[in-house]
Asks: 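Take this structure, written in C-alpha cells, and hold onto it; I'll ask about it next.
Quick caveat: nothing in here was measured; it's all calculated off a predicted structure. Whatever order the structure lists ligands and atoms in, that order sets their numbers, starting from 1.
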Amino acid sequence: MAKVLLVVGARPNFMKMAPLYFAMGKVPSLQPLIVHTGQHYDYVMSQAFFEDLELPQPHHFLGTGSGSHAEQTARIMIEFEKVLLAEKPDLIVVFGDVNSTVACSLTAKKLLVPVAHVEAGLRSFDETMPEEINRRVTDTISDLLFTPSPDGDENLLREGVAPRKIHRVGNIMIDSLIGILDRINQDHQEQIVQRFGLTKRNYVLVTLHRPANVDEREGLAQILTYLNGLAARVPVVFPVHPRTRKNIEAFGIEASFRDAFHIVEPVRYREFLTLQNNARFIVTDSGGIQEEATYLRLPCLTLRPNTERPITITEGTNELADMSNIEAQSARILAGQWKQGQVPALWDGHTAERIAQVIHDHTAFRKS
Ligand code: UD1
C-alpha cells in the first residue's frame with residue numbers, strides 16, 4: 001500500500017483535490033490522506049468547500065493562517081515537516097500555485113519524499129505575481145507533473161523538464177464542476193439565483209482578489225466605479241474575497257452603489273458554480289474561473305494584463321481586459337457579439353482517474 005498525502009491550503013485547491021481523493025480511494029494499492037495547511041480558514045473559504053465536495057475532515061490540519069509571504073510559507077514548512085516525519089508518505093501531491101503548494105513541495109523534497117504537482121506547467125511570465133514564483137519553483141522540483149493543456153507541456157519542456165515526468169491529463173477542476181452541477185437540479189439553481197435577488201441569464205458575476213487589482217486605492221475605486229456603472233444596464237453580483245473586503249474598508253471607499261450592484265459575502269462552492277452557470281457574463285481576476293467559464297461557454301472578461309491559462313482565450317470564451325477597454329468589451333457581450341468558444345481536449349470529467357492511474361504505476365514501480 002502506498003501512502004499519499006494530498007496537500008491543500010487555500011480555496012482554489014479544494015475542488016482540485018476532491019476528485020483525486022475519491023479516485024485514489026478506488027485504487028486498492030493507494031492510501032490517500034488529506035493535509036490542510038490552514039492558509040484559508042474562514043468557514044466559507046474552507047470548511048464549506050469540504051462540505052459541498054463531500055470530503056471527510058482533513059487527516060491533518062496545520063492551522064497556519066495568514067501573514068506575509070515569508071511568514072506564511074515558513075510556518076507551513078515548519079508544520080508540514082512534522083507531518084512528513086510522522087507519516088513517512090511514499091508521495092505527496094500538491095495542487096495549483098498558492099503558497100501552500102510551494103511550501104509543502106520544498107519541505108517534502110528536502111526529506112527525499114517525491115512530489116506530484118497537479119496543474120503543472122502554467123506560466124503567466126509575470127514575476128510580479130507570487131503565484132508565478134510558486135509555479136516555477138514547484139515544477140522545478142516535482143517528480144510527476146500533471147498538465148491540463150498542451151501549453152503546460154511546452155513550457156515545461158522549454159524549461160528542461162524531462163519528458164517522462166510530464167503527463168497531460170486534462171483539467172481536474174472540471175471534474176468537480178461537472179460532479180456538482182449534476183447534483184444541483186434546475187429548480188434548485190433557480191432558488192439559489194433568486195436568493196441573491198437575481199434572475200437567470202440576467203446578471204454579471206464578479207470576483208476580484210489579485211493584489212494588482214485590489215491592493216491600491218485608486219485602482220480598486222476605478223474598478224468599483226465601472227461595476228456600479230455596469231449595474232445601470234444589468235444587475236451585478238460581487239461576492240467579495242476577504243482581502244478585497246479588508247482593502248475596501250481600509251481605503252475608506254464609501255461610494256453609494258446602485259441597488260442593482262449586489263456586494264455580498266464570499267459564497268460557498270455549489271452556490272458559486274450555480275451563479276456562474278446562470279450568469280450573462282463574468283468579470284474576474286481569478287485563474288480557475290477563466291477555466292470554468294470556458295467549460296460553461298460563458299463570456300469572461302479577465303481583468304489582468306496576462307494569463308497563465310492562454311487556452312481559455314485561444315479556444316475558450318475568455319478575453320483579457322483593462323480599464324481602458326472593459327466598457328467596450330462589456331457592451332459587445334451584452335449586444336450578443338462574443339465568441340462561442342469550445343471546450344479544450346481532456347476537460348472531460350475524467351482527469352482524476354487518469355492521475356490516479358499514473359500515481360498507481362509510479363508508486364508500484366518505486367516499491368517493487
Ligand atoms: C490566495 C492565493 C491565490 C489564490 C487565492 C484564492 C497565494 C500567494 N495566493 O490568495 O493564488 O488565487 O488564495 O482565494 O497563495 N483571509 C481571511 N480569511 C481567510 C483567508 C484569508 O480573512 O480564510 C484574509 C487575510 O487577511 C489574509 C488575506 O485574506 O491576509 C489574504 O489571504 P492569503 O492566503 O495571503 O492570500 P489570498 O489573497 O487569499
Asks: Quick check on side-chain contact (heavy atoms from CB on, under 4.5 Å): which of Val206, Thr207, Ile223, Leu320 does Leu303 satisfy it with?
Replies: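 So, applying the side-chain contact (heavy atoms from CB on, under 4.5 Å) to Leu303 and each of Val206, Thr207, Ile223, Leu320, only Ile223 qualifies.
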Asks: With a cut-off of 4.0 Å, which atoms of ligand 1 are near a heavy atom of Gln72?
Replies: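 Heavy-atom distances to Gln72 below 4.0 Å select 34 (O), 35 (O).
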Asks: Tell me the protein heavy atom at minimum distance from atom 27 (C) of ligand 1, and give that distance in Å.
Replies: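 Of every protein heavy atom, Ser66 OG, 3.2 Å lies nearest to atom 27 (C) of ligand 1.
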Asks: Quick check on contacts: which atoms of ligand 1 are under 4.0 angstrom from a heavy atom of Met45?
Replies: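 It comes down to these atoms of ligand 1: 23 (O).
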Asks: Any idea which atoms of ligand 1 are less than 4.0 Å away from a heavy-atom of His69?
Replies: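 By the 4.0 Å cutoff, the relevant atoms are 8 (C).
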Asks: Answer side chain, backbone, both or neither: which part of Pro12 comes under 4.0 Å from ligand 1, heavy atoms only.
Replies: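 Pro12 to ligand 1: side-chain contact only, backbone stays beyond 4.0 Å.
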Asks: Give every donor-acceptor pair under 3.5 Å between a side-chain atom in residues 256-264 and any protein atom, sequence neighbours left out.
Replies:
residue : atom : partner : partner atom : Å
Arg258  : NH1  : Asn228  : O            : 2.7

Asks: Do Gln39 and Ser100 have side-chain atoms, one donor and one acceptor, less than 3.5 Å apart?
Replies: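 There is such a pair between these side chains.
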Asks: Should Asn134 be counted as touching ligand 1, given the test is an N or O pair under 3.5 Å?
Replies: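 N/O-N/O distance under 3.5 Å: no.
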Asks: Looking only at protein heavy atoms, which one is nearest to atom 16 (N) of ligand 1, and how far off is it?
Replies: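 Its nearest protein heavy-atom neighbour is Tyr41 OH, 3.5 Å.
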Asks: Taking only heavy atoms of Lys246, which atoms of ligand 1 are found under 4.0 Å from at least one of them?
Replies: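 Reading through ligand 1 atom by atom, the close ones are 22 (O), 24 (C), 25 (C), 26 (O).
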Asks: Just to confirm my output: which protein heavy-atom neighbour is closest to atom 8 (C) of ligand 1, and how far is it?
Replies: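 So the nearest neighbour among protein heavy atoms is Asn99 OD1, 3.3 Å.
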Asks: Could you tell me which atoms of ligand 1, counted from 1 in the order shown, lie closer than 4.0 angstrom to a heavy atom of His209?
Replies: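 Listed by number with element: 4 (C), 5 (C), 6 (C), 12 (O).
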Asks: Report the nearest protein non-hydrogen atom to atom 34 (O) of ligand 1: residue, atom name, distance rounded to 0.1 Å.
Replies: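 Looking only at protein heavy atoms, the one closest to atom 34 (O) of ligand 1 is Gln39 NE2, 3.2 Å.
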Asks: Determine, considering heavy atoms only, which of Arg243, Glu71, His40, Arg245 sits nearest to atom 31 (C) of ligand 1.
Replies: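 Answer by nearest heavy atom: Arg243.
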Asks: Starting from atom 2 (C) of ligand 1, what is the nearest protein heavy atom, named by residue and atom, and what distance separates them?
Replies: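 Protein heavy atom with the smallest distance to atom 2 (C) of ligand 1: Val98 CG1, 3.7 Å.
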Asks: So which pairs with a foot in residues 213-224 pass salt bridge (Lys or Arg N to Asp or Glu O under 4.0 Å), sequence neighbours left out?
Replies: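 Non-adjacent pairs meeting salt bridge (Lys or Arg N to Asp or Glu O under 4.0 Å): Asp215-Arg243.
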Asks: Do Arg268 and Tyr43 pair up side chain to side chain, a donor and an acceptor below 3.5 Å, judged on atom types alone?
Replies: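 Checked: Arg268/Tyr43 side chains pair up, N/O donor to acceptor below 3.5 Å.
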Asks: If two hydrophobic side chains count as joined below 4.5 Å and joins carry through other members, does Val358 share a cluster with Leu156?
Replies: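 No; Leu156 is not reachable from Val358 via cluster members.
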Asks: For Glu154, is there an ion pair with Arg123 - N to carboxylate O distance below 4.0 angstrom?
Replies: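 Not counted as a salt bridge, because no side-chain N and carboxylate O are separated by less than 4.0 Å.
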Asks: Could you check whether the rings of His241 and His209 sit parallel, tilted or perpendicular, using 30° and 60° as the cut-offs?
Replies: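 If you compare the ring of His241 with that of His209, the planes turn out parallel.
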Asks: Between Glu319 and Lys339, is there a side-chain N and carboxylate O pair less than 4.0 Å apart?
Replies: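 Salt bridge between Glu319 and Lys339, a charged N being under 4.0 Å from a carboxylate O: yes.
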Asks: Which part of Glu131 is near ligand 1, with near meaning a heavy atom under 4.0 Å away: side chain, backbone, both or neither?
Replies: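 Only the side chain of Glu131 comes within reach of ligand 1.
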